[in-house]
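Quantities reported herein were computed from a predicted structural model and do not represent experimental measurements. The sequence lines fix the lettering, A, B, ..., with proteins before strands; numbering per chain opens at 1.
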There are 2 protein chains.
Amino acid sequence: MKSTIPDTGVPITPSAANGSDRQEASLHGEILLRLRDYVVEGNIPDGARVPERQLCEMFGISRTPLREALKVLAAEGLIELLPNRGARVRQLSQRDLEELFDVMAGLESLAGRLACEAITDEEIAAIEQLHYEMYGHYLHRDMHGYFQANQRIHESIVAAARNETLKTAYANFAGRIRRVRYSANFARKRQRWAEAMREHEAILDALRRRAASELSDILFQHLRNKRMAAIEHLGEPQGDVSAAP
Amino acid sequence: MKSTIPDTGVPITPSAANGSDRQEASLHGEILLRLRDYVVEGNIPDGARVPERQLCEMFGISRTPLREALKVLAAEGLIELLPNRGARVRQLSQRDLEELFDVMAGLESLAGRLACEAITDEEIAAIEQLHYEMYGHYLHRDMHGYFQANQRIHESIVAAARNETLKTAYANFAGRIRRVRYSANFARKRQRWAEAMREHEAILDALRRRAASELSDILFQHLRNKRMAAIEHLGEPQGDVSAAP
DNA sequence: GGCGGCTATTTTGCATTCATTTTTTGTCCT
DNA sequence: AGGACAAAAAATGAATGCAAAATAGCCGCC
């Protein structure tokens with residue numbers, strides 16, 4: 001039998017008794033969470049078929065709840081469902097990525113604006129803390145630590161917006177590009193890195209002054225620059241990753 | 001047999017052979033579209049149960065594709081799924097509405113920003129056209145016409161952003177509040193109306209000058225004001241509409 | 001030897017069926 | 001009479017079964 005999930009050689013394992021012990025009442029709910037992670041983590045190559053049968057065995061369930069989860073993931077934009085031809089991991093074109101980054105930029109820009117209305121001094125202090133932490137990683141050229149601190153800063157801003165709807169939407173879009181971000185961020189140029197640090201200082205400054213529309217602008221530009229840095233280096237390996245001879 | 005869809009006395013009709021003749025290849029896809037409309041149009045009271053069985057008969061299908069559609073609608077935030085207790089039309093609290101309006105404001109603000117980068121003179125002219133049309137409705141106190149022209153203006157701005165992802169997200173959130181908007185808009189005060197007209201002129205002005213961040217600000221404020229106008233009058237009939245003695 | 005058409009197998013889409021859980025109804029007891 | 005409990009009815013959640021479509025394998029043909 002020829003596996004339909006190609007090449008990777010990665011054996012299909014059910015996310016190994018998921019680390020985060022969240023639990024869903026319904027089966028389809030759990031499957032949804034697990035399958036989403038499975039896709040987001042990149043266990044299935046871009047554009048590859050997602051055979052129902054195999055996933056059913058992998059999760060040890062019947063096709064009904066799995067198909068329900070697939071429909072939801074399709075609605076979220078992570079996979080696409082071709083009529084009578086099954087589900088495929090959605091292949092994001094460069095254009096798609098640009099669009100996604102811009103929407104993320106818009107959401108963060110909004111988050112900043114809203115945060116200015118409600119953020120407390122303590123929250124700002126916490127973000128400053130993260131900022132210094134990030135600066136330390138920057139000095140030590142610790143990309144991974146830097147990336148994490150960076151992410152936490154942005155999440156803090158979103159949290160300070162006091163808008164669960166926004167937070168959910170943000171998480172959703174973040175999930176869609178996570179696959180790409182993993183690979184993209186490690187290609188960041190040194191120069192861009194320094195630039196990003198300066199931008200972050202401006203962000204913090206605007207936040208302290210609660211300058212809503214200014215912060216909104218800065219955040220948008222910051223994310224726009226991020227988009228450039230993340231996408232330009234992609235070049236053309238857009239088609240099939242495994243296609244390179 | 002007592003119908004679970006209460007009170008309204010509205011007989012369940014299958015969206016009367018849907019006017020828009022869009023067609024989906026798959027059954028669940030069509031059901032999704034029809035059911036979404038059915039809910040958005042307010043055929044089911046807030047918080048009421050959405051009985052699978054009844055809907056199946058109504059659409060003439062089995063439960064499988066219907067349940068798939070329900071899962072998607074739940075993911076979209078239109079309904080909520082209580083474990084073992086079926087689907088309910090999601091009841092939006094006042095806070096939910098505020099959040100939704102703010103997110104919409106953020107998206108439109110983003111749309112304006114992006115539109116400044118790519119909009120053509122022809123598109124601006126078309127929006128001006130709509131603006132004058134809307135002004136006419138305003139003068140004639142034609143609320144319905146005004147509302148439609150207004151909506152088309154905002155849609156035009158979103159379209160000019162050249163971002164399908166944004167467009168989709170926008171449509172999604174718009175759908176969630178449409179139920180409320182119908183009732184909310186008719187309560188608009190005269191004064192707010194005039195204010196909105198002025199804001200629209202400022203929008204047009206900024207758009208002509210391609211002043212991205214300025215337009216972004218104006219659009220956000222415009223939507224924020226809309227939010228106030230739409231929500232304040234809601235007062236307290238937030239709980240159960242049918243609860244008033 | 002390559003290509004096009006035909007059949008067999010797999011896979012998808014939906015309906016149906018089965019097992020639980022919830023909700024309702026009826027009855028009994030206080 | 002009212003409330004609590006219990007059994008019946010209905011609804012939900014998931015599995016299985018079946019028809020249609022797609023993929024692949026195969027053979028004949030050019």
Side-chain angles (χ1 to χ4, degrees), chain A residues 1-7 12 14 22-36 39 44-45 47-75 78-90 240, chain B residues 1-7 12 14 22-36 39 44-45 47-75 78-90 240:
Chain A
M1 170 190 175
K2 193 173 64 179
S3 168
T4 338
I5 294 184
D7 316 336
I12 298 188
R22 77 226 153 147
Q23 48 188 358
E24 271 287 319
S26 56
L27 198 42
H28 83 261
E30 192 194 316
I31 293 302
L32 178 59
L33 291 175
R34 293 217 275 164
L35 188 56
R36 187 189 290 125
V39 172
I44 306 177
R49 267 180 86 153
V50 183
E52 292 182 5
R53 194 104 190 295
Q54 214 158 334
L55 290 173
C56 287
E57 289 171 16
M58 158 175 159
F59 288 119
I61 55 162
S62 86
R63 285 175 51 213
T64 310
L66 182 96
R67 295 183 98 257
E68 291 170 349
L70 285 176
K71 299 287 183 300
V72 174
L73 291 186
L78 246 95
I79 63 176
E80 52 190 350
L81 261 35
L82 297 102
N84 289 323
R85 301 166 89 237
R88 290 179 129 68
V89 173
R90 179 149 171 217
D240 189 357
Chain B
M1 171 189 176
K2 193 173 65 180
S3 168
T4 336
I5 294 184
D7 314 338
I12 297 189
R22 75 222 153 156
Q23 48 187 359
E24 270 287 319
S26 57
L27 198 42
H28 82 260
E30 191 194 316
I31 293 301
L32 178 59
L33 292 175
R34 292 218 276 164
L35 187 57
R36 188 190 289 123
V39 172
I44 306 176
R49 265 181 89 150
V50 183
E52 293 182 3
R53 186 129 167 67
Q54 214 157 335
L55 290 173
C56 286
E57 289 171 16
M58 158 176 157
F59 289 119
I61 55 161
S62 89
R63 285 174 53 216
T64 311
L66 183 95
R67 296 181 97 259
E68 291 170 350
L70 286 175
K71 299 287 182 300
V72 173
L73 291 186
L78 245 97
I79 64 177
E80 52 190 351
L81 261 34
L82 297 105
N84 288 324
R85 302 167 93 232
R88 288 179 134 66
V89 173
R90 181 153 170 213
D240 189 357

Tell me which donor-acceptor pairs under 3.5 Å the side chains of residues 55-63 of chain B have, and how far apart each pair is, sequence neighbours excluded?
from	atom 1	to	atom 2	distance (Å)
B/Ser62	OG	B/Thr64	N	3.3
B/Arg63	NE	B/Glu52	OE1	2.8
B/Arg63	NH2	B/Glu52	OE1	3.2

In whole angstrom, what separates [X]'s [atom1] from [N]'s [atom2]?
| X | N | atom1 | atom2 | value |
| --- | --- | --- | --- | --- |
| A/Leu70 | C/dT11 | CG | P | 15 Å |
| A/Glu52 | C/dT10 | CD | C1' | 12 Å |
| A/Glu30 | D/dA14 | CD | C1' | 14 Å |
| A/Leu82 | C/dT11 | CG | P | 16 Å |

Subject >> B/Ala74: side chain to side chain contact (heavy atoms under 4.5 Å, CB included) partners, not counting sequence neighbours >> reply: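 For B/Ala74 the side chain to side chain contact (heavy atoms under 4.5 Å, CB included) partners, ignoring immediate neighbours, are B/Ile79, B/Leu81.
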Original post:
Quick one: on DNA chain D, does A/Gly60 or B/Ala87 contact a more 5' nucleotide (nearest heavy atom)?
Top reply: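 Its nearest nucleotide lies further toward 5', so the answer is B/Ala87.
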Closest listed nucleotide, where the reference is the side chain of [X] and the choices are [options]:
| X | options | answer |
| --- | --- | --- |
| A/Ser62 | C/dG13, D/dT16, C/dT11 | D/dT16 |
| B/Asn84 | D/dG13, C/dA15, D/dA14 | D/dG13 |
| B/Arg49 | D/dA15, D/dT23, D/dA11 | D/dA11 |

Does the side chain of [X] get closer than 4.0 angstrom to OP1 or OP2 of [N] through an N or O atom?
| X | N | result |
| --- | --- | --- |
| A/His28 | D/dG13 | no |
| A/Arg53 | C/dT10 | no |
| A/Arg63 | C/dT12 | no |

Could you measure the distance from the [atom1] atom of [X] to the [atom2] atom of [Y]? Nearest 0.5 Å is fine.
| X | Y | atom1 | atom2 | value |
| --- | --- | --- | --- | --- |
| A/Leu78 | A/Leu70 | CG | CG | 11.0 Å |
| B/Leu33 | B/His28 | CG | NE2 | 9.5 Å |
| A/Leu27 | A/Arg34 | CG | CZ | 8.5 Å |
| A/Lys71 | B/Glu68 | NZ | CD | 4.0 Å |

Original post:
How is B/Thr64 classified with respect to the nucleic acid when contacts are heavy atoms under 4.0 Å: base, sugar-phosphate, or nothing?
Top reply: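 If one applies the 4.0 Å heavy-atom cut-off, B/Thr64 turns out to touch a base.
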Original post:
What's the shortest heavy-atom distance between A/Ala75 and B/Val72, and which atoms?
Top reply: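 Between these two residues, the closest heavy atoms are CB-CG1, 3.7 Å.
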Subject >> Estimated bend of the helix from C/dG1-D/dC30 to C/dT30-D/dA1 (axis per five terminal pairs, rounded to 10 degrees) >> reply: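 The angle separating the two end axes equals 10°.
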**OP:** Ignoring hydrogens and angles, answer whether the base of C/dG13 and the side-chain atoms of A/Arg85 contain a donor-acceptor pair closer than 3.5 Å.
**Re:**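 Answer no: no donor N or O sits under 3.5 Å from an acceptor.
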